[in-house]
Number of protein chains: 2
Amino acid sequence: MTETRARRPGRSVTTLADVAAAAGVSTATVSRVMNRVPTVNPDLAFRVEAIARQMGYQFNAAARTLATGRTGAVALIISEADLSQPYSFTSAPLHGVLSAVARHDLQIVILLSGSPQQESHLLEYLGRTGVDGAMVILEDEISHLPELLRDAGVPVVYLGRPLGNAEAQSYVDVDNVGGARLATEALIEAGRSRIAILAGNDRLTAARDRLDGWRSSLAEHGLDAHRIARGAFSPAGGSDTMTRLLAAYPDIDGVFVSSDYMGSGALQVLAAAGRRVPHDVSVVSYDDSVLAEVANPPLSSVHQPLELMGEQMVDALASLMATSGTAVVQRVLPSTLTRRDSL
Amino acid sequence: MTETRARRPGRSVTTLADVAAAAGVSTATVSRVMNRVPTVNPDLAFRVEAIARQMGYQFNAAARTLATGRTGAVALIISEADLSQPYSFTSAPLHGVLSAVARHDLQIVILLSGSPQQESHLLEYLGRTGVDGAMVILEDEISHLPELLRDAGVPVVYLGRPLGNAEAQSYVDVDNVGGARLATEALIEAGRSRIAILAGNDRLTAARDRLDGWRSSLAEHGLDAHRIARGAFSPAGGSDTMTRLLAAYPDIDGVFVSSDYMGSGALQVLAAAGRRVPHDVSVVSYDDSVLAEVANPPLSSVHQPLELMGEQMVDALASLMATSGTAVVQRVLPSTLTRRDSL
DNA sequence: CTGTTAGCGCCTTCAT
DNA sequence: ATGAAGGCGCTAACAG
């Protein structure tokens, strides 16, 4: 019995050399064929390809990476905390990313950000021959991350305009100002004039932009823009903030709520206070999530193309990796309003 | 000027050889030090380690993989479709997986399942020296996947007991029967006796187990178990099914709903029919998601330790990879009941 | 258009 | 306990 020493490394039995031997050519030729180098004789290429397929040849990713320095993988940097939120918006762009990745023949590696430990791991991984590029999907802005990533030597695309140095970064964002204006205009068109806002945490650019949009719409129509209350993007935050708002400005007849999560809390407070929606008070919310759908009454809400954003991140990253220069891609997508009973 | 040809491959400038040269030892020794081989002289090890750290040495993953056949990465197989559901339960175990992965010093690669194309990609990737193991988180059972994966040559752990061949697979599951019993007992304790169920799609083992649990509890208490209606795990499914249920069995005073998603739909139908919850009808739901929290009234719901399950999947996989044998790990976690106003 | 030949960076027997 | 050297599988000059 031939003593074939068990090949520990790799599970892929067939190598380039095997195919080359079977086809009676050199490994270089097989390599060219597999990589579709155009200069090979078509007939030969066809023959080699057939043999390779028949032998079940699959290239060894590690070997290829070692030889080329490219990995065919991109990192997706997300936060554990974001995912753990019961209703987190991270999964929608994540979905977009995943569906787009297939088109570009890339592999996704998940890297966690959040704790210092995770970040050091992240940088370490990026520093090795880990990935060819990275995408960042973080709900809470982490202002120091961009500068850390800048040194990693790979192109990076952010979801949402990063807080810090701004203009030098590539990102895909939605028009939060425009979305807020959409919501506010709808309230005005519904005949409301004492329009308040439940604003989110000021540290988030999205929250600030929505406040700005609300303000500018009201200003354009000569309406007061002082009915403001701030709170967390959560049901509890929504009810607390709505309670304070109602106490401070009992005359409100319209509310723009900066997130559905807050919206569901706000609705409960409104109901408890005997304000009928939309009879006494019109409400427009933000995110157009399932929470808006199941709310009572169902909430009109500004829809964000989250999945599309994920897809575009991949497209942007792919183009950055192709040019490998210092190019910057910045894309801002429009929002739309989904109308439901609360208006 | 010395003509240092630009090193295309890899970004990690410092190699084992560099460290070896700086320390005046062989690359073999440095390799041993970095891999904590116990036979090296402690003093030497310390010295080498210091030098390596100071030079910012990081091992090249591709080179190591090429040499050892191990990758230090595990695949996470999920479905694009699951993620795209507005309220999907995939992200909770995902979160658990991610948080556990750090502890084991593993890297996560996302692989998509769903379309035939994605599956062939998946198998191809697994077939290469892609990963050392795999975890499967699929909300819809895909019965042919286990047998495909069986040939991939790496250990696999499932979330939820797989439908098919069952006993040969490793999995982490929750006790759906027990959870349903918990819910049903609570309904009985609340003084209800005409207890119906909104059951889910029969193709899901979870849905079937919940039905079984409901049945067995009722049987033990000598109560009728014929008030059954089936529907999709969605708000629309919930309202449709609840409507049918009410028409068929107008006398119900308790309902066990197999998912919060259905629950929110069911609640609306109940309200529209003039049935007060919990005064006329008690409702207990399943999943303990944010939907239960924001429902009106807030729903009592069976809580599943989804994140914990994700963590345990990683633990299980790690132990499988360590033994590298044909061992099987099967773990079933208990559910608990979160009480809210609907009871 | 195809073959030859060096590595890519690391691990690992085999000697010493 | 340490060093020398071959090889993991593939790619990319460079010849021919």
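Numbers restart at 1 for each chain; the letters A, B, ... are given by sequence-line order, proteins then strands. Because only heavy atoms are used, hydrogens play no part in the values below, and waters and symmetry mates are left out as well, while side chains stay in.
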So, taking the atom named [atom1] in [X] and the one named [atom2] in [Y], what distance separates them when rounded to the nearest 0.5 Å?
| X | Y | atom1 | atom2 | result |
| --- | --- | --- | --- | --- |
| A:T71 | A:L66 | OG1 | CG | 12.5 Å |
| B:R331 | B:M313 | CZ | CE | 11.5 Å |
| B:L149 | B:I77 | CG | CD1 | 4.5 Å |

Is A:T65 reaching over with its side chain to a backbone N or O of B:A62, donor-acceptor style, under 3.5 angstrom?
no
So A:L16, base contact, sugar-phosphate only, or nothing? Heavy-atom distance under 4.0 Å.
base
DNA chain D: A:A28 or B:A63, which has the more 5' nearest nucleotide?
B:A63
Short side-chain N/O contact from [X] to OP1 or OP2 of [N], under 4.0 Å:
| X | N | answer |
| --- | --- | --- |
| A:N60 | D:dC8 | no |
| B:S26 | D:dT2 | no |
| B:T29 | D:dT2 | no |
| B:R64 | C:dT12 | no |
| A:T68 | D:dT11 | no |

Let me know the distance between [atom1] of [X] and [atom2] of [N], rounded to the nearest Å.
| X | N | atom1 | atom2 | answer |
| --- | --- | --- | --- | --- |
| A:R36 | D:dC10 | CZ | C1' | 17 Å |
| B:N41 | D:dT2 | CG | P | 5 Å |
| A:F59 | C:dC8 | CZ | P | 22 Å |
| B:N35 | C:dG9 | CG | P | 17 Å |
| B:L66 | D:dG7 | CG | P | 14 Å |
| B:M34 | C:dT12 | CE | P | 15 Å |
| A:D18 | D:dG9 | CG | P | 8 Å |

For A:H121 and B:D105, does a side-chain donor sit closer than 3.5 Å to a side-chain acceptor?
no
When you measure from the side chain of [X], which nucleotide among [options] comes out closest?
| X | options | value |
| --- | --- | --- |
| A:T15 | C:dG9, D:dA1, D:dC10 | D:dC10 |
| B:Y57 | C:dC11, C:dC10, D:dT11 | C:dC10 |
| B:V25 | D:dG7, D:dG3, D:dT11 | D:dG3 |
| A:V40 | C:dC11, D:dT2, C:dT2 | C:dT2 |

Minimal non-hydrogen separation, A:L106 against A:M321, with atom names:
CD2-CE, 4.0 Å
Under a 4.5 Å cut-off applied to non-hydrogen side-chain atoms, are A:V314 and A:R103 in contact?
no
Dump the pairs, protein N or O against N or O of nucleotides 14-16 of chain D, anything under 3.5 Å, distances to one decimal.
none

